[in-house]
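Excluded from the calculations below are hydrogen atoms, water molecules and symmetry mates; all remaining heavy atoms, backbone and side chain alike, are included. Numbers for residues simply follow the sequence, beginning at 1.
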Amino acid sequence: MDQQRPATGSRGGALSAIATVVSTVVALLEFLTDLGALAIVLLGAIALGFAGWGLARSWINRQALPATFLLLAVIAVSAAVGAAGDRLLRPEQTVVAASQPGGAQSPTPGTPTGDPGPSVAPSASAPVPSPSAAVSPEATSAAGQPAVKRAAKGVTLPVYYSMDLDSDAPNWGVVRNAISGWDIRGAVGVGPYGIASYRDMTLVSGEPIHQTCEAATALLRGVEQEKTRAGTAFCVKTGEGRWAWVKITGVDKSSGEVTLDLHVWEAAS
């Protein structure tokens with residue numbers, strides 16, 4: 001007797017279920033700590049062993065339905081183990097600047113590379129400021145906008161690292177595997193977003209304008225992977241109620257590191 005072939009719709013439904021499970025698992029892994037990733041690898045290896053044994057028995061006994069569920073479980077667990085393994089094996093971003101040819105130093109995570117801007121000839125009446133001298137927030141605020149709390153160019157954010165845009169620390173409070181107290185997180189190649197946001201954010205264009213951020217209605221929770229590229233700009237609400245304008249100026253797909261220009265306003269009174 002000929003066996004009945006599964007309907008095409010059933011196959012499509014199974015593939016859709018597999019895609020949903022895998023994408024959900026990978027997205028959740030973005031928020032795991034290294035200890036959680038290690039636990040998933042160990043438990044996943046055990047689960048794969050049992051699932052493989054059950055799948056073999058179901059195949060021998062011609063049990064199609066149990067075999068289908070076991071296959072879905074194997075794919076989901078494999079995706080989790082693979083992503084968690086990548087999380088553990090990806091090299092830790094060092095905080096010490098690495099030497100570059102010619103004696104230059106590469107930027108450390110969260111450290112501005114510096115933007116000297118147009119050169120100004122020294123004069124007897126106006127001393128030349130040092131490159132690290134802070135600019136007065138009031139001097140950089142446009143008319144009708146709140147004072148600028150802080151701004152920087154060429155700030156690097158590695159994958160799995162989070163940044164606190166309210167921070168006064170020289171490296172913008174960049175830390176790996178932060179549970180709370182962060183505003184944006186590097187996640188290039190991990191989950192649905194290349195840059196994830198702890199709170200509301202919105203994509204914008206043009207120069208940093210506080211009113212543009214404040215009037216945003218198309219709120220998101222991150223910059224999608226395909227939009228995480230040089231030239232993309234967004235506004236994000238910080239943990240202390242400020243608006244920050246962030247522009248991506250570079251993306252290293254191999255390391256997952258992004259380079260950002262930052263512009264943070266004081267909270268509107």
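When all heavy atoms of Val236 and Ser197 are compared, the pair lying nearest together is CG2-OG, 3.4 Å. Of all heavy-atom pairs spanning Gly250 and Ala230, the tightest one is N-CB, 4.2 Å. Here the closest non-hydrogen pair linking Gly206 and Trp245 is O-CZ2, 3.5 Å.
Linking ILVMFWY side-chain heavy atoms closer than 4.5 Å, directly or via other members, places Leu165 and Leu203 in a single hydrophobic cluster.
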Problem set entry | Met163/Trp182 under side chain to side chain contact (heavy atoms under 4.5 Å, CB included): CA gap, chis, key distance, verdict | CA-CA 5 Å; Met163 178 180 292; Trp182 59 276; over 6 Å; no

Problem set entry | Test log, rule side chain to side chain contact (heavy atoms under 4.5 Å, CB included), inputs Val264 and Trp172 | CA-CA 11 Å; Val264 184; Trp172 293 81; 3.8 Å; yes

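The closest donor-acceptor contact from the side chain of Asp164 to the backbone of Val174 lies at 3.5 Å or more, if one exists at all. The backbone N or O of Met201 sits nowhere less than 3.5 Å from a side-chain atom of Arg221 that would complete a donor-acceptor pair. At distances below 3.5 Å, at least one donor-acceptor pair connects side-chain atoms of Arg150 with backbone N or O atoms of Ser167. No side-chain donor-acceptor contact under 3.5 Å links Thr202 to the backbone of Cys235. The backbone N or O of Thr249 sits nowhere less than 3.5 Å from a side-chain atom of Thr259 that would complete a donor-acceptor pair. Panel note: side chain Gln225, backbone Gly189; a donor-acceptor pair is recorded below 3.5 Å.
Side-chain contact, Thr238 with Asp166: a donor N or O sits under 3.5 Å from an acceptor N or O.
In this structure, the separation between OG1 on Thr217 and CG on Asp200 is 11.0 Å, given to the nearest 0.5 Å. With values rounded to the nearest 0.5 angstrom, Tyr193 atom OH is found 10.5 Å from Lys227 atom NZ. The structure places CZ of Arg176 at 10.5 Å from CZ of Arg185, a figure rounded to the nearest 0.5 Å. Rounding to the nearest 0.5 angstrom, the gap separating the NE2 atom in His210 from the CZ atom in Arg242 is 10.5 Å.
Each of Val251, Thr228, Val246 was compared with Ile195 under the side-chain contact (heavy atoms from CB on, under 4.5 Å) criterion, and only Thr228 meets it.
The side chain to side chain contact (heavy atoms under 4.5 Å, CB included) test applied to Val175 returns Ala178, not counting sequence neighbours. By the side chain to side chain contact (heavy atoms under 4.5 Å, CB included) test, Ile209 pairs with Gln145, Gln211, Thr212, sequence neighbours left out.
At a threshold of 4.5 Å between non-hydrogen side-chain atoms, the residues Phe234 and Leu220 do not count as touching. In this structure, Asp183 and Arg199 have side chains that are in contact, with non-hydrogen atoms separated by less than 4.5 Å. Counting heavy atoms from C-beta on, the side chains of Trp265 and Val148 come closer than 4.5 Å.
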